[in-house]
Amino acid sequence: MIMVQEYKLLFVGGMGVGKTTAITAVSEIPPVSTDVANSDKESFDKESTTVTLDYGRITLPSGDRLRLYGIPGQKRFSFMWPMLENGAMGIILLADASRPDPFAELKIFLDAFSSILSTGRAVMGIGRLSDERALLDGYNKLLDDYQFKIPTFSIDVRRKKDVLLLLDALFTQIEVVEDSYRDPDQ
Amino acid sequence: MDPLLIEKMQQLQIKKLLETTYREISSIQLIVLASVDGFNLATSGSKAQDFNLPEKFAAMASSMAALSQAAGKELDANHQSVTILDFKGLQIVLRIVKTSTNTFILAIAESKEIILGNLLVKARDCAQNIKEALQ
């Protein structure tokens with residue numbers, strides 16, 4: 001009998017980085033969304049915001065399933081973060097380079113999700129990169145400071161192929177991490 | 001947050017309405033009017049002064065109400081009005097308050113010293129009074 005595996009993956013990042021958009025772009029089912037009207041337009045000019053979670057699903061050709069969860073990005077919903085992180089196999093970290101202080105916002109998530117990020121079972125997608133080289137270097141330096149070995153990509157979460165690229169890269173990362181456990185000398 | 005969501009005068013008026021409900025049911029630990037995106041707009045109850053608790057409860061009320069809404073939607077049920085959570089020694093009622101321009105959540109945590117039916121009636125009346133105050 002062939003056992004179908006289920007893998008839980010978590011989309012992490014601040015409000016407006018595109019977690020809901022990314023899950024919507026690749027999910028094979030209409031995503032479960034808990035978006036409500038955003039009343040805090042001073043902090044972020046956006047019509048709606050996620051207050052609990054996003055959920056989507058992808059079935060792989062092997063029959064295995066990816067369960068995609070998105071966190072609510074605002075700090076006041078941080079009580080949801082450990083609940084959603086529990087059982088996650090890897091993290092897709094999203095960042096928006098056009099924010100006034102993009103690194104400060106990112107540090108909140110590097111700290112909160114350090115238990116998975118420190119294992120290397122993660123990838124990072126950066127949106128709205130204008131000065132690509134300089135900012136990518138900045139993000140990579142920040143990840144180095146945290147000693148997180150996570151690949152970074154310039155992406156547009158509205159494009160399905162970009163989100164699939166992140167998922168591909170994440171599975172490669174997970175394989176590399178698992179191989180290194182099997183062969184610690186690698 | 002958006003200062004137009006609730007004016008200062010309305011906020012005071014709503015706080016009085018919450019305090020009235022608390023006076024009627026002294027076993028209320030927290031009664032909060034929250035925005036749908038989890039901001040605490042007015043609070044009363046025996047734990048209203050606990051550090052950060054009303055803010056956390058408002059955010060959690062928003063999450064729980066949204067999750068209830070999502071579950072209802074999956075089962076083709078719309079127009080969520082009440083969510084009930086039952087614990088040993090605690091019951092929580094979340095009631096949606098819709099005005100012509102905004103939607104809010106009235107969240108009440110009570111120590112199970114009154115029966116659920118009475119709490120639901122009080123929540124409904126309080127929500128109606130809030131709605132009238134905000135029109």
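Each chain gets a letter, A, B and so on, in the order its sequence line appears, and its residues count up from 1.
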Of the listed residues (A:Val51, A:Asn38, A:Leu53), which shares the most heavy-atom pairs with chain B below a 4.5 Å separation?
-> A:Val51

Given A:Thr49, A:Thr34, A:Val32, the one with more heavy-atom pairs under 4.5 angstrom with chain B than any other is A:Thr34

I'd like to know which of [options] tops the heavy-atom pair count under 4.5 Å against chain A.
options: B:Gln69, B:Glu74, B:Met60; answer: B:Met60
options: B:Ala58, B:Ala65, B:Gly38; answer: B:Gly38
options: B:Ala70, B:Ala71, B:Ala59; answer: B:Ala59

For the atom pair CG (B:Leu12) and CG (B:Leu17), what is the distance rounded to the nearest 0.5 Å?
-> 11.0 Å

Heavy-atom proximity to chain A below 4.5 Å, by part of B:Glu55 | neither

A:Lys8 to A:Tyr69 six-membered ring, cation-pi geometry met (6.0 Å, 45°) = yes

With A:Arg76 as the cation and B:Phe39 as the aromatic partner, state whether NZ or CZ is under 6.0 Å from the six-membered ring centre and within 45° of the axis.
-> yes

Can you say whether the rings of A:Phe113 and A:Trp81 are parallel (under 30°), tilted (30 to 60°) or perpendicular (over 60°)?
-> tilted

Residue among A:Asp137, A:Asp145, A:Asp144 satisfying salt bridge (Lys or Arg N to Asp or Glu O under 4.0 Å) with A:Lys141 | A:Asp145

Proximal component of A:Ser33, with respect to chain B [non-hydrogen, under 4.5 Å] = backbone

Salt bridge B:Glu19-B:Lys15, side-chain N to carboxylate O under 4.0 Å | yes

